[in-house]
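Following: one structure in structure tokens, then a few remarks.
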Amino acid sequence: MNMAATEKRNSALDWLRIFCCYCIIMLHVSGHLNLNSNFWRLVQGIVRPALWCFLVLSGYFILSRPIKDWKKFYFTHLIHLIVPLVLYVFVYQFYYSRKVSLLAIIAGDPIGHLWFVYSLIVLYIMAPFLQKMLMNLSNAQLTGLLILMFFFGRVIRIIPALGLSIGLPVTILGDCALFFFIMGYWLSRVKLSLSYKFLIPIGIVNILYTAYTLSNPILVNGAAELALGMIGGCIIYYLLFVKIFAGGGYNGFSRVAAFISRRTYGIYLIHMLIFQYFTANGIMALNPDSYSNIWILPLKCLIIFGIGLIMAIIMDLIICEPIQKLCNYIYEKISLQFERQRSISADN
């Protein structure tokens, strides 16, 4: 693949990451709607797959690039995840209690929506081993693995409602986060393509199907996790954004997307605090059954996204990134010193 193609592809995925971040905000804000309404179900059909699409993008980039230096991979990526996690959680803790606790962060998700980050940390730890295994599979074998994971993660979970139970454990092959992480790698290899005349109707059907599963007594169990609607949504969003941005060059518009895309992790970390502040102060409150939610909901999410972007720029550029660069500098210096000592030992 030439450089131009790479830049176009990255630009498309930058926009997809921005879209997914916005959808995740809407996922949380829509919790104030009537959860038994068709409007809420339709919103979920649109935004729910975006959460898993973040994992798809992570797997797409992490697993498709050869990991040659495991120590550097672990240090670089875990620092990228953990430093912002700690600093942003300190903001939450100070806002609510005027106290900060590192032990609370080590103990697990202290906020409520950061389980996703803890899952990413585990997936990144697994990534070098996963990559070694997955690279030895053919595309057909890789597809077969995903089908097996879907069977254990979805089919076995819903068939008890049909009066049939299978006593096989689902936790080994049926992990939802692992499935979408591997699916990202699968997408980097299979090179799917669909025209708009198929992609858009399929996308609409997928939204309606997902909305239906959330009200169906048999399908509702796990409908927002490892389910056909979530898989279909991830693939459709990926194909749609790659297709939309396939013809454009790497220009100022793309650079803006790249800049915002790098801030989406910070936006994800801080958006819940902004949302809770809005809720506590009655800012743009949603009437659970009002038709005005059709425009208030996306507008409120856009404002939260914008405020989150500003806060993420400040936090990332002034605090997080300098700390990350310092850590990387120290790591490089230590690594260089070890290499020199090893070279001297070898010469002796």
Are any side-chain N or O atoms of [X] and backbone N or O atoms of [Y], one a donor and one an acceptor, separated by less than 3.5 Å?
X      : Y      : answer
Asn293 : Ile296 : no
Trp52  : Phe179 : no
Tyr331 : Lys72  : yes
Gln131 : Ile67  : yes
Asp316 : Glu321 : no
Asn206 : Gly229 : yes
Asn221 : Arg157 : yes
Asn281 : Tyr277 : yes

Cationic tip of Arg98 within the cone over Phe94's six-membered ring, i.e. under 6.0 Å and within 45° of the normal?
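Judged by the rule (NZ or CZ under 6.0 Å from the ring centre, within 45° of its axis), Arg98 counts as positioned above Phe94.
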If you compare all heavy atoms of [X] against all heavy atoms of [Y], which two are closest, and at what distance to 0.1 Å?
X      : Y      : value
Tyr22  : Leu302 : CE1-N, 3.5 Å
His80  : Tyr265 : O-CE2, 3.6 Å
Tyr74  : Tyr124 : CE2-O, 3.6 Å
Cys320 : Pro84  : SG-CA, 3.9 Å
Met311 : Tyr88  : O-OH, 4.3 Å
Ile182 : Met149 : CD1-SD, 4.0 Å

When rounded to the nearest 0.5 angstrom, what distance separates [atom1] in [X] from [atom2] in [Y]?
X      : Y      : atom1 : atom2 : answer
Leu214 : Arg48  : CG    : CZ    : 7.5 Å
Tyr268 : Phe116 : OH    : CZ    : 6.0 Å
Arg263 : Ile18  : CZ    : CD1   : 11.0 Å
Ile235 : Met230 : CD1   : CE    : 12.5 Å

Between [X] and [Y] (judged by ring centroids, cut-off 6.0 Å), do the two rings come close enough to count as a pair?
X      : Y      : result
His32  : Phe275 : yes
His77  : Phe73  : yes
Phe181 : Trp186 : no

Hydrophobic clustering (ILVMFWY, side-chain heavy atoms < 4.5 Å, transitive) - are [Y] and [X] grouped together?
X      : Y      : result
Met315 : Ile318 : yes
Leu134 : Met126 : yes
Tyr238 : Val205 : no
Phe278 : Leu309 : yes

Tyr212 OH: over 12 foreign heavy atoms closer than 6.0 Å
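It does not: Tyr212 OH has 12 such atoms or fewer within range.
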Whether the [X] and [Y] side chains hold a donor-acceptor pair (N or O, under 3.5 Å, no angle test) is what I'd like checked.
X      : Y      : value
Gln44  : Ser30  : yes
His28  : His271 : yes
Asn216 : Tyr209 : no

Could I get the full list of ring pair (Phe, Tyr, Trp, His ring centres under 6.0 Å) partners for Tyr196, not counting sequence neighbours?
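Result, ring pair (Phe, Tyr, Trp, His ring centres under 6.0 Å) vs Tyr196: none returned.
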Not counting sequence neighbours, which residues clear ring pair (Phe, Tyr, Trp, His ring centres under 6.0 Å) with Phe19? List them please.
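Only Tyr237, Phe241 meet the ring pair (Phe, Tyr, Trp, His ring centres under 6.0 Å) criterion with Phe19.
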Please lay out, stage by stage, how Glu332 and Lys71 fare under the test salt bridge (charged side-chain N to carboxylate O under 4.0 Å, His left out).
CA-CA 11 Å; Glu332 292 294 340; Lys71 295 189 295 293; over 6 Å; no
